[in-house]
Structures are given as C-alpha cells and as structure tokens.
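Only this structure's heavy atoms are used, side chains among them; waters, hydrogens and symmetry mates stay out. All figures in this text were calculated on a predicted structure; none of them were measured in a lab.
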Amino acid sequence: QVQLVESGGGLVQAGGSLRLSCAASGRTFSSYVMGWFRQAPGKERDYVAAINWGGGRTYYADSVKGRFIISRDNAKNTVYLQMDSLKPEDTAVYYCAAASKGWGPPQPYEYNTWGQGTQVTVSS
C-alpha cells in the first residue's frame with residue numbers, strides 16, 4: 001500500500017496559478033488510479049480530478065474543467081494538479097488519494113489511501 005504526501009498549497013490571488021504535488025511511497029504507484037479531492041470549511045469533500053495508471057485517461061469535475069490539469073510521473077511516483085485561473089471558490093484543503101481498482105473513474109468511496117491534505121487559499 002502506498003503512502004501519500006501532498007505539497008504545493010498556499011495563498012494566491014484570484015486568476016493566479018498553483019501546482020500541487022503528491023508524492024507516493026512504494027514500488028506499486030503505477031498500478032494505482034490517482035485522484036484529487038478538496039474540502040472547504042463546512043462543506044462535503046468534492047471529487048476534483050482523477051487519472052488512470054498510464055495517464056491516458058482523466059476525469060474532471062465540471063467546476064474545474066478547462067482550468068485544472070491532472071498528470072502523473074510514474075518514474076517519480078508523483079501525481080500533480082496544475083491549477084490555473086484560480087477563483088476564491090477553489091479555496092479548500094486539497095487531498096490526493098489512491099484507488100487500487102480499474103478505471104471508471106473510481107467512485108470516491110473506492111479510494112482507500114489518502115494524504116494529509118494541503119491548504120489552498122485564493123483571495124479575491
């Protein structure tokens with residue numbers, strides 16, 4: 001089972017960009033579907049994006065389509081979330097997660113390993 005550590009969060013003005021990284025331990029990273037989620041204060045956790053093992057298939061929530069890009073580098077055991085044109089409503093704690101199942105993409109409950117989260121704050 002992998003362990004996940006997110007980084008790259010911070011404070012940015014609306015319209016700006018951030019790139020989140022999620023480093024995974026373990027030699028089986030490439031066998032996992034990886035996802036990004038976010039949770040704002042007082043709200044449920046939202047499914048943001050997902051990517052399959054080889055990176056050829058992706059999923060995006062409607063709210064981030066055209067602004068966020070998920071990618072992965074299996075040689076570096078890392079998944080990324082490039083976030084452009086950020087809006088105040090993107091403010092949340094962002095989590096990466098791993099699912100040991102086939103592409104569908106996985107449903108949120110199918111992710112069985114989670115990182116600790118990284119805070120993203122977008123000021124207006």
Just by distance, with hydrogens left out, do Asn77 and Ser25 show a side-chain donor and acceptor under 3.5 Å apart?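 On atom types as modelled, these side chains do not qualify, holding no pair under 3.5 Å.
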
Atom CD of Gln3: over 12 foreign heavy atoms under 6.0 Å: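 Check fails, neighbour count at 12 or below.
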
Are more than 12 heavy atoms, taken from residues, nucleotides or ligands other than Lys76, located less than 6.0 Å from that residue's NZ atom?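 No - once you tally the heavy atoms of other residues, nucleotides and ligands closer than 6.0 Å, there are 12 at most.
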
With clusters defined by side-chain heavy atoms of hydrophobic residues (ILVMFWY) lying less than 4.5 Å apart, directly or transitively, does Ile51 cluster with Ile69?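 Yes, Ile69 connects to Ile51 through the hydrophobic network.
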
ILVMFWY cluster, Met34 and Val64 together (side-chain gap under 4.5 Å):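 As far as the 4.5 Å side-chain criterion goes, Val64 and Met34 are connected within one cluster.
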
Nearest 0.5 Å please: distance from the [atom1] atom of [X] over to the [atom2] atom of [Y].
X: Lys101; Y: Ser31; atom1: NZ; atom2: OG; value: 13.5 Å
X: Asp46; Y: Ser63; atom1: CG; atom2: OG; value: 6.5 Å
X: Thr121; Y: Asp90; atom1: OG1; atom2: CG; value: 11.0 Å

Start with the C-alpha gap between Ser100 and Asn112, add the side-chain angles, then the distance that decides, and say whether side-chain contact (heavy atoms from CB on, under 4.5 Å) holds. CA-CA 8 Å; Ser100 53; Asn112 48 24; 3.1 Å; yes

List the atom pairs, with distances to 0.1 Å, where a side-chain N or O of residues 79-89 and a protein N or O form a donor-acceptor pair under 3.5 Å, not counting sequence neighbours.
from, atom 1, to, atom 2, distance (Å)
Gln82, NE2, Asp84, OD1, 2.9
Asp84, OD1, Ser17, OG, 2.7

What heavy-atom pair brings [X] and [Y] nearest, and what distance separates the two atoms?
X: Ala92; Y: Arg38; answer: CB-CB, 3.8 Å
X: Trp114; Y: Pro108; answer: CZ2-O, 4.2 Å
X: Leu4; Y: Ala98; answer: CD1-N, 3.8 Å
X: Pro105; Y: Trp103; answer: CB-CH2, 3.6 Å
X: Val33; Y: Asn52; answer: CG2-CA, 4.3 Å
X: Thr78; Y: Ser21; answer: CG2-CB, 4.2 Å

Using the ring of each side chain (for Trp, its six-membered ring), is Phe68 parallel, tilted or perpendicular to Tyr94, with breaks at 30° and 60°?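 Geometry flag for Tyr94 against Phe68: tilted rings.
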
Got Ile70 and Trp36 here, is their nearest side-chain heavy-atom distance under 4.5 Å?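 When only atoms from C-beta onward are counted, Trp36 and Ile70 do touch, with a gap below 4.5 Å.
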
Side-chain contact, heavy-atom cut-off 4.5 Å: Val93 with Thr118?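 They are not in side-chain contact.
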
side-chain contact (heavy atoms from CB on, under 4.5 Å) between Thr91 and Val120: does it pass, once the steps are laid out? CA-CA 5 Å; Thr91 295; Val120 171; 5.9 Å; no

Show your reasoning for whether side chain to side chain donor-acceptor pair (under 3.5 Å) applies to Tyr111 and Tyr32. CA-CA 10 Å; Tyr111 286 87; Tyr32 287 86; over 6 Å; no

Do Arg72's NZ or CZ and the ring of Trp53 fall within the cation-pi criteria of under 6.0 Å and 45°?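 Ring-cation test returns no.
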
Quick check: Phe37 with Tyr95 (ring centres under 6.0 Å apart)?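 Not close enough - the centres of the two rings lie 6.0 Å or further apart.
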
For Ser124, does its backbone N or O pair with a side-chain atom of Gln13 as donor and acceptor, under 3.5 Å?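 Here the side-chain-to-backbone pair does not exist.
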
Treating Asp73 as the side-chain partner and Ala75 as the backbone partner, does any N or O pair qualify as donor plus acceptor under 3.5 Å?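 Indeed, once roles are kept as given, a pair shorter than 3.5 Å links the two residues.
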
Should Gln39 and Glu44 be marked as a side-chain contact (heavy atoms from CB on, under 4.5 Å) after you check the CA-CA gap, both sets of side-chain angles, and the distance that decides it? CA-CA 6 Å; Gln39 188 167 21; Glu44 294 185 353; 5.6 Å; no

